[in-house]
Amino acid sequence: MIWKGLDILSDLNVYPPKPASLLLADAAIKIIKPNEKVLDMCTGCGIVAIAIARFVPNTKVFATDTAPRAVSLTKLNAKRNKVKLTALVGDLCKPFPGNYFDVITVHPPAVPYLKSKDWNMPRGMKIATNGGPDGSKLVVKSIVEAKRCLKKNGRLILLLPHWSNTKKAYDVLKKNYSNISKLAKI
């Protein structure tokens with residue numbers, strides 16, 4: 001897939017760039033300032049991290065995903081697009097000490113999954129989309145975990161899909177962050 005001149009590969013086991021991912025990438029490159037340290041959690045194929053590294057000068061970009069294949073693909077896509085970033089296998093920002101990042105971006109898995117439901121997707125895509133019974137399991141976890149890793153006055157740029165439990169997510173956002181803004185809606 002080509003987006004803004006970036007050439008991004010994906011496969012059946014890694015979350016591909018979707019319109020929501022591109023919306024997050026676009027918002028991130030408008031909000032993030034040069035010289036900031038940024039983490040893209042749940043990076044998938046790396047589109048958000050790569051866009052930040054390409055379009056925001058002098059950023060130090062990190063990306064994490066629990067799927068080794070996603071991290072490998074992010075590294076390959078970074079190389080293909082001639083950007084520097086550090087991609088690590090890890091759960092959200094657990095590989096990092098607290099108060100480390102100026103900005104954290106995240107497009108967490110948020111599809112509501114019932115234990116009895118099987119959509120015949122490859123295992124990697126089930127992991128990349130499964131948000132638990134109401135779609136908020138990893139949304140809420142990412143909100144809380146991000147706060148631990150942000151510097152004072154750091155910012156979280158979260159993609160909050162409408163099909164997840166948005167009320168629960170907003171409640172957790174309000175509890176953990178003093179300033180919340182809605183940037184876009186699709």
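Heavy-atom basis, side chains included; hydrogens, waters and symmetry copies ignored.
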Shortest non-hydrogen pair, D102 vs E36, comes out as OD2-CA, 3.4 Å

Between R148 and C93 (side chain of the first, backbone of the second, donor and acceptor by atom type, cut-off under 3.5 Å), is there such a pair?
yes

Hey, is NZ on K79 packed in by over 12 heavy atoms from elsewhere, all under 6.0 Å?
no

Hey, does K168 have a side-chain heavy atom less than 4.5 Å from the side chain of T166?
no

If you round to the nearest 0.5 Å, how far is NZ of K60 from CG of L39?
12.5 Å

How close do T74 and I50 get, heavy atom to heavy atom, and via which atoms?
O-CD1, 4.0 Å

Salt bridge (charged side-chain N to carboxylate O under 4.0 Å, His left out) against D171, all qualifying residues, sequence neighbours excluded
K167

Check whether R54 reaches the backbone of N81 with its side chain - one donor and one acceptor, N or O, closer than 3.5 Å.
yes

NZ (K82) and CG (D7) are apart, to the nearest 0.5 Å, by 10.0 Å

Using a 3.5 Å distance criterion without hydrogens, assess whether the side chain of K147 forms a donor-acceptor pair with backbone atoms of N176.
yes

What are the two closest non-hydrogen atoms of L159 and P108, and how far apart are they?
O-CD, 3.6 Å

Between the side chains of T105 and D40, is a donor N or O closer than 3.5 angstrom to an acceptor N or O?
yes

Look only at the side chain of Y177 and the backbone of V172, and say whether a donor-acceptor pair between them is shorter than 3.5 Å.
no

Hydrophobic cluster membership, V71 vs L9, 4.5 Å side-chain cutoff
no

Could you measure the distance from the CD1 atom of I104 to the CD1 atom of I32? Nearest 0.5 Å is fine.
10.5 Å

Step-by-step side-chain contact (heavy atoms from CB on, under 4.5 Å) determination, L156 to V106:
CA-CA 8 Å; L156 170 64; V106 61; 3.9 Å; yes

Taken in chain and number order and not counting sequence neighbours, the residues that satisfy salt bridge (charged side-chain N to carboxylate O under 4.0 Å, His left out) with K37 are none

Single-linkage hydrophobic cluster V56~I157, side-chain heavy atoms < 4.5 angstrom
yes

Can you give me the closest heavy-atom contact between G90 and P95, atom names plus distance?
CA-CG, 3.9 Å

Taking every heavy atom of W3 against every heavy atom of D26, the minimum-distance pair comes out as CH2-N, 4.0 Å

Which atom names give the shortest non-hydrogen contact between F96 and C149, and what distance separates them?
O-SG, 4.3 Å

Do V89 and L92 share a hydrophobic cluster (ILVMFWY, side-chain heavy atoms under 4.5 Å, transitive)?
no

N/O donor-acceptor pair under 3.5 Å between D11 side chain and V14 backbone:
yes

Test your reading of the model: is there a side-chain donor-acceptor pair from N77 to the backbone of G46, 3.5 Å cut-off?
no

